[in-house]
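Here the structure is a predicted model, which is why all the values come from computation and not from measurement.
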Amino acid sequence: MKRSRTPPTPPLYPGPAWRSQPWTGPPSSPLARLRRLIRRRRRLFASLLLCAAAAIAVQQLTPTSPSTTSVMVASRDLPAGHLLRSGDLATAALSPKMVPDGALAAPNAPPDTSTDTKTTFVADGADAAVWEGQQLSGPVRRGEVLTDASLLGNGLLVGAPAGSQAVPVRLSDPSTLTLLRQGQLVTVVLSSSAGLDGPVGNELLAERVPVLWTPALSQGNGGLLPVQDNEGIVVVAASAEQAVRLAGTISRGKVFLILLN
């Protein structure tokens, strides 16, 4: 018995090629792709965020560089009456709040832009400082800031009451000058008599006046007066009324000082 042959069934048409891939829905948005990227690299992004947080914390904790002002300080101990030279002073940077009034500014120092109202004694020239060749009015310690009051001249009356005058007084006993120091308070007394045999009377000329200058400040360096003329002379700060009484006292009698604490 013969079997009938049936022709093979042709394969079904799969349809267009674009239907051979499974459909995954509408195209994803950039935000969705970013989210998938973060999920896949979450450890890397967490490490980057931790590093950024640490950098911000270090920046906040690091102190900012404070503003400074350049001033002149003594590079070594300097005696009273010393003539200043270039090697005697050095430049130091201080906080504007620590700079005293009338401080000597370093040559070519940039202007102080702080809001502080303190004044600074600035050199007039770019290369030469006004303090070179000037004389100290008192001893200066190493590292001490120099001001206009540290120099002989107008600075002698810095801080004195308004109307104060610098008055030279010649003493009858020059040995008293060895006991005096700058800033020492003294009382000036005039001792005089009416005649050779007349009674001696004492007159109070000025009470509690500060000493501004003594010949010890000019030893070996010159000073306010020539060396041969400054023996027995002391300069004191007096009011206008006291200055009138002190003028020419040596011609009226003997002048003595009473040293006060």
Q) Going through the checks in order, is the side chain to side chain contact (heavy atoms under 4.5 Å, CB included) test met by H82 and D88? A) CA-CA 10 Å; H82 178 76; D88 296 331; 2.8 Å; yes
Within a strict 4.5 Å, meaning less than it, do heavy atoms of the [X] and [Y] side chains meet?
X	Y	answer
D173	V255	no
L94	V145	yes
L78	L84	yes
T147	D101	no
S95	S67	no
V209	Q242	yes

Whether [X] side chain and [Y] backbone form a donor-acceptor pair below 3.5 Å:
X	Y	answer
Q184	R181	no
R42	R39	yes
T62	V58	yes
Q60	A57	no
R43	R40	no
S239	S164	no

Would you give the length of the straight line joining atom [atom1] of [X] to atom [atom2] of [Y], rounded to the nearest 0.5 angstrom?
X	Y	atom1	atom2	answer
I250	R170	CD1	CZ	7.5 Å
L104	S70	CG	OG	13.0 Å
F256	T176	CZ	OG1	8.0 Å
L49	S47	CG	OG	9.0 Å
T214	I233	OG1	CD1	12.0 Å
L44	I38	CG	CD1	11.0 Å

Q: Apply the test side chain to side chain contact (heavy atoms under 4.5 Å, CB included) to residues T91 and V71: give CA-CA distance (whole Å), side-chain angles for both, the deciding distance (0.1 Å), then the verdict.
A: CA-CA 6 Å; T91 303; V71 296; over 6 Å; no
Q) Step by step, would you call R142 with D77 a salt bridge (Lys or Arg N to Asp or Glu O under 4.0 Å)? A) CA-CA 5 Å; R142 182 176 65 89; D77 291 345; 5.5 Å; no
Q: Would you please test V235 and V211 for side chain to side chain contact (heavy atoms under 4.5 Å, CB included) and show each step?
A: CA-CA 6 Å; V235 179; V211 173; over 6 Å; no
Q.
Consider side chain to side chain contact (heavy atoms under 4.5 Å, CB included). Of L190, I258, V188, T187, which one does L204 pass it with?
A.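 Answer to the side chain to side chain contact (heavy atoms under 4.5 Å, CB included) test with L204 among L190, I258, V188, T187: T187.
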Q: Quick one: which residue pairs count as a salt bridge (charged side-chain N to carboxylate O under 4.0 Å, His left out) with a foot in residues 245-261, not counting sequence neighbours?
A: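 Output for this query lists E241-R245.
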Q: Is it possible for you to say whether V244 and L205 belong to one hydrophobic cluster, with membership spreading through side-chain heavy-atom contacts below 4.5 Å?
A: no
Q) Hey, is CZ on R36 packed in by over 12 heavy atoms from elsewhere, all under 6.0 Å? A) yes
Q: Let me see the working for S75 and L89 under side chain to side chain contact (heavy atoms under 4.5 Å, CB included), right down to the final yes or no.
A: CA-CA 5 Å; S75 58; L89 303 183; 5.7 Å; no
